Each structure stands twice: as structure tokens, then as C-alpha cells.
Amino acid sequence: MTDVLFLRSDELAGLATPAEYVEWVHAGYESHGLTGTAEPRTKLVNGDPPGMCTGYLAILPEVGGMGGYTYAAGFGDGDVHFALPLFDAESGRMLALLDGASMNPFKTGATGALAVDELAREDASTCAVVGSGAQARGQLKATATVRDFEEIRVFSPTPENRESFAADFDDRLAADVTAVGSASAAVSGADVVITATKASDPVFDDDDLADGAHVTAMGQYDRGKQEVSAETVARSTYVPDLRARAFQDAGAFLAARDAGVVDDDHIYAELGEVVAGSAVGRTSDEEVTLFDSGGTGIETVAAAWGLYERAKERGLGETIEFAPGSEALTGE
């Protein structure tokens, strides 16, 4: 039998800082850019009851781990449930099983922050956030660790949500964080723009986006999702998390390609290629850069590995047993 560490979501909550998540995810994307392997998610959609079962995988040799998410969303209880098996990338043995719900906004936020660190101007001081949910919170927590922002402007359609979000982060961060009444007011003149919404149409006008800005778009994970316009995609140095995912479900890129304003060659590089140094990031202060994040096994496995190592150090979790195939595949 194989001893596997089971870690509950409440044990993982608060186990790492946003900066530590960024460090772990950096190692994951560097490993992917060197020798790692990852594939876009597989999504199975159910009609009645409505829901989806989906997952994605990655092997990160330099990190030491492999595995990924499997999760179900919707169906009868209308909720989402995450399971995250983690394996040793050398031996193949299963090491841990994580309830991955609490880590989700943090590992996703760390991915966006990593892209900001690699692609935004070093002197970026103004940040716009469009969205006020859990993913927007995860993005800002992590991104604030890689740039010293002086001003952060937040917009979401519901006034009380954006005001609560801004007040919370104004207390947390050294920057002046304010809620504004429109996406245009948030984005105009911003050095870094974060979109974390469920929008089907662009959430800001390209005319509002300043030269030299960096955009991290989190809600482009399906053909029907398009947080940024075709014009913004076309004028940007476009970097997705995975090249194959851009062709599969990156809504804004696919819409821009369908409109004929970009072609397949518009993809500049994957984030891992930039992190590993095989592709240069920003090349000028006037360049507009765009990171398109739809979720991969890279940040999932990298963050899970860091949490697993931390949990072992602190004696967290409980051991459960899994039978290896040599014992269980008997046919008896």
C-alpha cells in the first residue's frame, strides 16, 4: 500500500502568503518552459442537470511534481468541488490528495502576478481592476507583491461590491485604493489592467487603454467569453498560459482571429517560454502586453507542491492508503 497525505481545504487556507504562491508558480512556469508538459483542460458539459466536469494536468520535472485538478461545477447542488491528486514526477508515486478549493484564487492570482512581473513596465504605479469577486481578490493580492502601486482603481457593476472591495484593499495595501463608477475611469491611464469577470463582451474600450500598459485577462476561458476587444488583442504582444489553450478556448483571441484582425502567428510566446528565458518579455515602454489566462495544470501542480511541502513541515493532514497497481490489478 502507498501512504498518501490527505489535506483538507481549511488546512491549506492561510498556509502560504501571496508572495510565496508567486514564487512557487514562477518555478512551475519555468519548469514548463524548460522540460515540462501540460495540456489544456478537458471539459465535459452535461445538459440535465446542467453542469460540467473538467480537469487539466501537468508534469513539472524541475519542481518535482505532477498531477492536476479535476472538478465538477453545477449539477444538482449548484456548487463546485475540487480534487487535486499530486504525484512524484520521478517515481510516479502518489504523494498527496488535496481538497483544492481554498487554494484556487491564490494560485490563479499568482499566475497573473507572474505575468505582470514578466511583462509589465518596471515603473508601473497605477493599477485598474475590473471585477470584485474571489478571483479579482486573488489577482490583486498577488499582483501587489510584484509592483509598488501608488494608485489602484476598482470597478464592478454593483456599487456596494466595488466599494467594499476597495475599502478592504485600501486597509491592506500602501496604495490608494478607490472604487470608480465605470471601467473607463478605472482603465484610463493605468499601467496594469486586471480583468477578472464572467463577461461575454469586452469590459473596457481599447481607446481607454494607454500605450505601454499591461493587461492580465482572467475570464477568457471559453469561446463565449471576451473580456478584451479584438482591437486590444491585435495591438498587443499576446502571451497565453498555453499556446494550445489559446486555440481551444481563449475567447478574445478566437474572436479577434474570426474577425480577421489577427492570425495564428499573433501568439508571441507562452508564459513559460518568457519565464524560462527562451522568449524576451517586454521590449519597450510603449508596447502593450496582454496575458491571457484560462487556467492550467502548471500553476495548480506548482502551488500544490509548495503546499504539500509546507504541510509536511507542519505536521498537517492525515494519511490514507492507496493500493498500487502491482497489488490491486489482480483481476481476482
Side-chain angles (χ1 to χ4, degrees), residues 4 6-13 38-58 66-87 94 96-109 111-112 130-139 156-158 160-162 164-165 195-203 217-228 240-242 244-255 258 292-301 303-304 307 318 320 322:
V4 174
F6 174 65
L7 294 164
R8 300 190 315 271
S9 194
D10 62 337
E11 291 176 301
L12 301 175
E39 292 291 334
R41 65 178 176 158
T42 297
K43 182 175 74 170
L44 305 177
V45 177
N46 194 63
D48 186 20
M52 70 174 186
C53 186
T54 189
Y56 38 69
L57 300 169
M66 60 185 181
Y69 261 156
T70 296
Y71 59 95
F75 295 94
D77 72 355
D79 214 319
V80 59
H81 306 276
F82 297 91
L84 201 171
L86 185 66
F87 300 84
M94 190 174 183
L97 179 64
L98 288 69
D99 178 347
S102 65
M103 68 172 276
N104 187 286
F106 297 97
K107 60 94 179 176
T108 307
T111 309
V130 182
S132 60
Q135 295 295 348
R137 288 180 175 273
Q139 287 296 313
S156 69
T158 305
E160 53 265 35
N161 290 351
R162 65 185 184 241
S164 173
F165 183 103
T195 61
T197 74
K198 298 179 180 178
S200 300
D201 298 306
V203 297
M218 302 305 301
Q220 318 244 88
Y221 47 81
D222 219 334
R223 269 194 173 271
K225 303 295 184 182
Q226 189 183 352
E227 289 185 312
V228 301
D241 42 22
L242 285 175
R245 190 196 65 80
F247 292 113
Q248 174 176 298
D249 61 15
F253 172 74
L254 294 173
D258 291 345
D292 192 330
S293 175
T296 76
I298 302 167
E299 61 266 23
T300 305
V301 171
L307 291 169
E318 61 180 288
I320 56 178
F322 274 69

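This is a predicted model, so every value here is computed, not measured.
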Under 3.5 Å, side chain of [X] to main-chain N/O of [Y], donor-acceptor pair present?
X	Y	value
S9	S102	yes
Q135	T108	no
R137	P105	no
Q248	R41	yes
E227	A252	no
Y69	T300	no

Quick check: closest heavy atoms across [X] and [Y], and the distance to 0.1 Å?
X	Y	result
A304	L86	O-CD2, 3.8 Å
E299	T111	CB-OG1, 3.1 Å
F6	E11	O-OE1, 4.1 Å
N161	S156	CB-OG, 4.0 Å
V4	L97	CG1-N, 3.8 Å
L242	P40	CD1-N, 3.9 Å

* Give a yes or no on whether a salt bridge exists between D249 and K43, defined as a side-chain N under 4.0 angstrom from a carboxylate O. =>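 So D249 does not pair with K43 through a salt bridge.
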* What residues form a side chain to side chain donor-acceptor pair (under 3.5 Å) with K198, not counting sequence neighbours? ->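 Residues passing side chain to side chain donor-acceptor pair (under 3.5 Å) with K198: none at all.
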Heavy-atom side-chain contact between [X] and [Y] under 4.5 Å:
X	Y	answer
I298	D241	no
M103	L84	yes
P85	M94	yes
N104	Y71	no

* Just how far is it from atom CG of L57 to atom OG1 of T70, taken to the nearest 0.5 Å? ->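 Nearest 0.5 Å value for the CG-OG1 distance: 7.0 Å.
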